[in-house]
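Before any comments, here is the structure.
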Amino acid sequence: VQLQASGGGLVQTGGSPRLSCTASGTIFSIDAISWYRQAPGKQRELVASVTSTGSTNYAGSVKGRFTISRDSAQNTVHLQMNSLKPEDTAVYYCAASIVCSVDGKAEYVYWGQGTLVTVSS
């Protein structure tokens with residue numbers, strides 16, 4: 001299983017990029033999918049998550065500005081980021097809890113490689 005993240009880059013303050021993360025490989029189902037970020041010199045933090053039933057959760061710092069959504073048919077999750085601030089600068093990682101066996105017993109958390117978002121002031 002691999003997670004491929006894309007959509008990062010240099011963005012101006014107030015910009016609205018969209019990150020995407022697609023899972024590929026032997027996948028029977030995907031439970032929760034999340035976006036994390038790690039800013040320079042800081043610990044990795046949860047940004048947003050979405051469950052298999054569509055329930056979402058956001059960090060307080062992004063609530064109202066970011067929207068997470070999933071396309072289950074494409075094994076893809078998106079993170080729409082609006083009104084970006086310089087403090088949103090970080091490497092953004094997607095992570096997914098994926099069931100890899102038909103009996104559902106093999107479930108693991110996989111991480112994408114990270115995509116850098118730099119917000120210029």
Side-chain angles (χ1 to χ4, degrees):
V1 174
Q2 290 187 329
L3 296 182
Q4 181 67 46
S6 61
L10 179 62
V11 184
Q12 290 187 335
T13 296
S16 300
R18 187 176 80 158
L19 305 183
S20 298
C21 177
T22 299
S24 61
T26 303
I27 299 170
F28 285 87
S29 64
I30 302 177
D31 288 337
I33 307 178
S34 304
W35 285 98
Y36 289 78
R37 68 185 181 187
Q38 186 166 18
K42 295 187 176 181
Q43 290 187 333
R44 190 173 299 188
E45 63 174 353
L46 176 66
V47 175
S49 63
V50 58
T51 68
S52 58
T53 60
S55 296
T56 57
N57 181 52
Y58 297 93
S61 60
V62 307
K63 192 172 293 185
R65 298 189 298 124
F66 291 11
T67 301
I68 189 170
S69 62
R70 64 189 287 170
D71 180 345
S72 297
Q74 300 295 325
N75 289 336
T76 297
V77 63
H78 303 290
L79 184 68
Q80 177 65 49
M81 304 188 291
N82 297 325
S83 303
L84 280 183
K85 308 174 183 179
E87 51 264 43
D88 293 316
T89 294
V91 177
Y92 285 73
Y93 300 90
C94 57
S97 181
I98 296 176
V99 177
C100 304
S101 65
V102 65
D103 61 7
K105 293 182 179 180
E107 182 169 0
Y108 307 101
V109 176
Y110 293 88
W111 289 82
Q113 84 284 9
T115 183
L116 176 62
V117 176
T118 303
V119 185
S120 62
S121 57

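Positions are given from 1 along the sequence.
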Is the closest side-chain heavy-atom distance between Y58 and V47 below 4.5 Å? no

Determine whether S97 and E107 satisfy the following criterion, side chain to side chain donor-acceptor pair (under 3.5 Å), listing intermediate values before the conclusion. CA-CA 7 Å; S97 181; E107 182 169 0; 2.6 Å; yes

Taking everything shown except Q12 itself, do over 12 heavy atoms lie less than 6.0 Å from its CD? no

Validation row: V77, V50 side chains within 4.5 angstrom (heavy atoms): yes

Short question: side chain of R18, backbone of L79 - any donor-acceptor pair under 3.5 Å? no

Test of understanding: clusters of I, L, V, M, F, W, Y form through side-chain heavy atoms closer than 4.5 Å, transitively. Do V109 and V99 belong to the same one? no

Are V119 and V62 in one and the same hydrophobic cluster, where Ile, Leu, Val, Met, Phe, Trp and Tyr link if side-chain heavy atoms are under 4.5 Å apart? yes

Interatomic distance, NZ@K42 vs CD@E87, rounded to 0.5 Å, equals 8.0 Å

Is there a side-chain contact between R70 and S52, using heavy atoms and a 4.5 Å cut-off? yes

Counting only heavy atoms not in Q2, do more than 12 sit closer than 6.0 Å to its CD atom? no

Taking the six-membered ring of Y93, is the NZ or CZ of R44 close enough (under 6.0 Å from the centre) and on axis enough (within 45°)? yes

S16 versus N82, side-chain donor and acceptor atoms under 3.5 Å: yes

Using every non-hydrogen atom in the two residues, find where C21 and L3 come nearest and quote the distance to one decimal. SG-CB, 3.9 Å

Kindly determine whether C100 and V1 satisfy side chain to side chain contact (heavy atoms under 4.5 Å, CB included), including the steps that lead there. CA-CA 8 Å; C100 304; V1 174; 4.0 Å; yes

Quick one: does I98's side chain get under 4.5 Å of F28's, heavy atoms only? no

Would you please say whether a donor-acceptor pair under 3.5 Å links the side chains of Q74 and T22? no

Mind listing the closest non-hydrogen atom pair of S101 and A106 along with its distance? OG-N, 3.0 Å

Going through the checks in order, is the ring pair (Phe, Tyr, Trp, His ring centres under 6.0 Å) test met by Y36 and W111? CA-CA 10 Å; Y36 289 78; W111 289 82; 4.9 Å; yes

Taking the side chain as C-beta and beyond, is there a heavy-atom pair between Q4 and Q113 under 4.5 Å? yes

Between the side chains of S20 and H78, does any donor sit under 3.5 Å from an acceptor? yes

Given 3.5 Å as the limit, does a donor-acceptor pair link the side chain of T13 with the main chain of S120, or not? yes

Do R37 and D88 make a side-chain contact, defined as non-hydrogen atoms from C-beta onward lying under 4.5 Å apart? yes

Show your reasoning for whether side chain to side chain contact (heavy atoms under 4.5 Å, CB included) applies to M81 and T67. CA-CA 7 Å; M81 304 188 291; T67 301; over 6 Å; no

Check the pair Q38 / Q43 against side chain to side chain contact (heavy atoms under 4.5 Å, CB included), numbers first and verdict last. CA-CA 6 Å; Q38 186 166 18; Q43 290 187 333; 5.5 Å; no

Cluster overlap L19 with L10, hydrophobic side-chain contacts below 4.5 Å: no

List the steps, then state whether side chain to side chain contact (heavy atoms under 4.5 Å, CB included) holds for I33 with S49. CA-CA 6 Å; I33 307 178; S49 63; over 6 Å; no

Look at the side-chain heavy atoms of Ile, Leu, Val, Met, Phe, Trp and Tyr, link any pair under 4.5 Å apart, and say whether I68 and V91 land in one connected group. no

